[in-house]
Each structure stands twice: as C-alpha cells, then as structure tokens.
There are 2 protein chains.
Amino acid sequence: MLDLAVLAVIARGETYGYRISADLQEAGLGSVKGGTLYPLLARLEETGAVVTTWREGESGPGRKWYAITPEGRARLHDDGERWHAFASLTTTLIPDAVATGDPR
Amino acid sequence: MLDLAVLAVIARGETYGYRISADLQEAGLGSVKGGTLYPLLARLEETGAVVTTWREGESGPGRKWYAITPEGRARLHDDGERWHAFASLTTTLIPDAVATGDPR
DNA sequence: CTATCTAGCTAGGAAAGCAACCTACTCACT
DNA sequence: AGTGAGTAGGTTGCTTTCCTAGCTAGATAG
C-alpha cells in the first residue's frame with residue numbers, strides 16, 4: 001500500500017528519496033523511515049514503475065532522482081482503483097459495526 | 001488492518017471462525033485463510049478484545065464462539081477512526097496524482 | 001468405505017515495516 | 001581545528017503479518 005502512496009508522490013513530478021519522505025510526512029502519513037523507503041524505491045525501480053538518474057548536488061550530497069514511467073502510471077491507476085474499492089468496503093463495514101452494537 | 005475487519009464482524013453479533021471467514025468473503029474482502037484467521041483470532045483473545053466459549057455442535061463439529069468485549073468495542077471505535085482517517089488521506093492523495101500528470 | 005463439508009488449528013516461509021546504524025558531504029558555530 | 005546539525009543515501013537484523021500447505025475430527029452423502 002505504501003508503494004502506492006510513494007508512487008503517487010513521484011507521479012506529481014520528478015523528486016528524490018529524502019524529499020518523498022518529507023512529502024509523505026507533510027501529507028499526514030507519518031514519517032516513513034529509511035529502512036522502509038529505500039527498499040521500497042528499489043522495488044519500484046526493479047519492477048519498472050520508475051526510472052532513476054543520479055545528479056551531483058550543487059550544495060550537499062548527490063541525489064537520486066526518481067521519475068514515473070508509463071508502466072508506473074498504469075500501475076498507479078489500477079492499484080489506486082483497487083485500493084479505493086478496498087478502502088470503501090472497510091470504511092463502510094467498520095462504522096456499521098460500531099453503530100450496530102454501540103450501547104452508549 | 002484485517003484485525004479491524006474481523007473485529008467489526010464479531011461486533012455485529014456473536015459468531016465463530018468459519019462463519020467469519022464466510023462473512024468477510026461475502027463482504028468482498030476476499031477469502032481469509034485459516035492460517036491467517038485463527039492466529040488473528042487468538043491475538044484478539046489474548047489482547048482482551050474478544051472472549052470465547054466452546055460449544056458442542058448439535059450437528060457437525062464443535063464451534064468456538066467469539067463475542068466482543070467492551071475493550072474490543074473501544075478498540076474498534078478508536079482504530080476504526082484512525083483507519084478511516086488514513087483511508088481518506090490516501091484516497092485523496094492517489095487520484096490527485098493520477099489526474100496531475102495523466103496525458104491521455 | 002470413501003469423499004466432502006464443516007470446523008478448528010499448526011508449521012514453515014515470504015514479504016514488509018521498523019529501529020538502529022553507517023557513510024559522506026556541507027555549513028555554522030566555537 | 002573540531003564539533004554538531006542538516007541533507008542524502010543506504011544496510012542489517014528483528015518482528016509482525018499473511019499465505020500455502022497440511023493435519024485432526026465429526027457429520028453426511030454417495
């Protein structure tokens with residue numbers, strides 16, 4: 001699922017790992033740790049959802065830039081819909097149950 | 001997360017493992033396997049979210065009935081809200097990104 | 001008497017996340 | 001000159017979760 005969120009961030013424009021982490025945090029998804037993010041990004045690259053280019057930093061260390069591919073965009077679209085369907089299902093199932101037997 | 005869905009099903013009324021599995025399937029969450037469900041139910045019981053009573057079957061094998069506790073209901077309420085918030089965040093993040101750069 | 005359905009459970013392995021740690025570069029302050 | 005903070009990338013090892021596969025056992029149908 002996090003894969004999807006990261007892919008969504010990359011889809012908004014070419015970016016790099018450290019900033020993706022900051023963006024996710026800002027979006028309210030909490031701090032995604034390095035041990036989570038970098039293996040995840042490597043998976044996205046392996047499966048062809050993104051491509052990377054290394055660029056030396058004018059100031060600070062070099063950055064690995066990630067750009068989404070057409071395959072990545074297709075995956076974002078499809079998995080996004082499946083995620084949406086799943087989220088809808090659960091968010092109806094759960095409050096229903098809370099209401100059903102809630103004796104307050 | 002599945003914990004939450006199972007807890008939601010139990011909250012609708014006392015039930016047993018095999019039927020929970022069928023209910024989840026019917027709800028559209030796919031078939032939850034025994035190797036997933038029974039350890040999960042054991043966790044729910046260990047953490048006090050549910051209590052169990054064993055009843056011999058009039059027809060067929062005995063069944064272990066699961067009933068939700070007040071603690072379980074509180075957890076369903078709290079975790080349900082957190083899940084809802086999370087689902088809302090992601091479902092806005094993802095279609096936004098799909099729309100942003102979609103060049104069809 | 002075997003097959004199938006109901007019902008519960010275990011064992012083993014794969015995947016994902018997390019905490020902790022490491023490298024390396026830049027800049028500011030001391 | 002040295003220390004610390006911030007930026008940026010990465011690895012290692014642990015734990016949890018889920019799945020596949022299998023087991024036990026009662027009831028029922030062929």
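Just so it is clear, the model here is predicted, and its values are computed rather than measured. All values below come from the heavy atoms of this structure, side chains included, with hydrogens, waters and symmetry mates left out. A note on names: the letters A, B, ... follow the listed sequences, proteins ahead of strands, and every chain is numbered from 1.
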Which of D:dT7, C:dG17, C:dT10 is nearest the side chain of A:Pro61? It is D:dT7

Does NZ or CZ of B:Arg63 lie under 6.0 Å from the centre of the six-membered ring of B:Trp54, at an angle within 45° of the ring axis?
-> no

DNA chain D: 5'-proximal contact among A:Gly62 and A:Gly34 (nearest heavy atom) | A:Gly62

Among the nucleotides C:dC9, D:dC18, C:dG17, which one has an atom lying closest to any side-chain atom of B:Leu2?
-> D:dC18

D:dC19 P sits how many Å from B:Gln25 CD, rounded?
-> 12 Å

Should A:Arg43 be listed as having a side-chain N or O under 4.0 Å from OP1 or OP2 of C:dA15?
-> no

Roughly, in whole Å, what's the span from CG in B:Leu37 to P in C:dA7?
-> 13 Å

Rounded distance (Å) that lies between atom C1' of C:dA16 and atom CE of A:Met1 | 14 Å

Calculate the interatomic distance between B:Leu29 atom CG and D:dT17 atom C1'; express it in whole Å.
-> 16 Å

Using a 4.0 Å heavy-atom cut-off across all strands, classify B:Gly35 as base, sugar-phosphate, or nothing.
-> base

DNA chain C nearest-nucleotide lookup for A:Pro39 and B:Tyr18: closer to the 5′ end is B:Tyr18

B:Lys33 has an atom NZ; how far is it from atom P of C:dA14, in whole Å?
-> 18 Å

Hey, are A:Thr91 and B:Trp83 close enough side-chain-wise for a donor-acceptor pair under 3.5 Å?
-> no

Please report, rounded to the nearest Å, how far the P atom of C:dA16 is from the CG atom of A:Leu44.
-> 11 Å

For the pair made of CG in A:Leu24 and C1' in C:dG17, what is the distance, rounded to whole Å?
-> 14 Å

Please determine, for the side chain of B:Leu40, which listed nucleotide (D:dC18, C:dT10, D:dG9) has the closest atom?
-> D:dC18

B:Arg63 side-chain N/O to D:dG26 phosphate OP1/OP2 under 4.0 Å | no

Going by heavy atoms in the side chains, are B:Leu4 and B:Arg82 under 4.5 Å from each other?
-> no

In this structure, OG1 of B:Thr69 is separated from CZ of B:Arg75 (nearest 0.5 Å) by 9.5 Å

Using a cut-off of less than 4.0 Å, is there contact between a side-chain N or O of A:Tyr16 and OP1 or OP2 of D:dG9?
-> no

Starting from P on C:dA16, measure out to CG on A:Asp3 and report it in whole angstrom.
-> 7 Å

Answer with yes or no whether the side chains of A:Ser31 and A:Gln25 bring together a donor and an acceptor at under 3.5 Å.
-> no

May I ask you to test the B:Tyr66-B:Val51 pair for a side-chain heavy-atom distance under 4.5 Å?
-> no

Using a 4.0 Å heavy-atom cut-off across all strands, classify B:Lys64 as base, sugar-phosphate, or nothing.
-> sugar-phosphate

Out of C:dG8, D:dC18, D:dG10, minimum distance to the side chain of B:Tyr38 belongs to C:dG8

Which is true for A:Arg55 with a 4.0 Å heavy-atom rule: it touches a base, it touches only sugar-phosphate, or it touches nothing?
-> nothing

Sugar-phosphate, base or nothing in reach of B:Arg19, heavy atoms under 4.0 Å = nothing

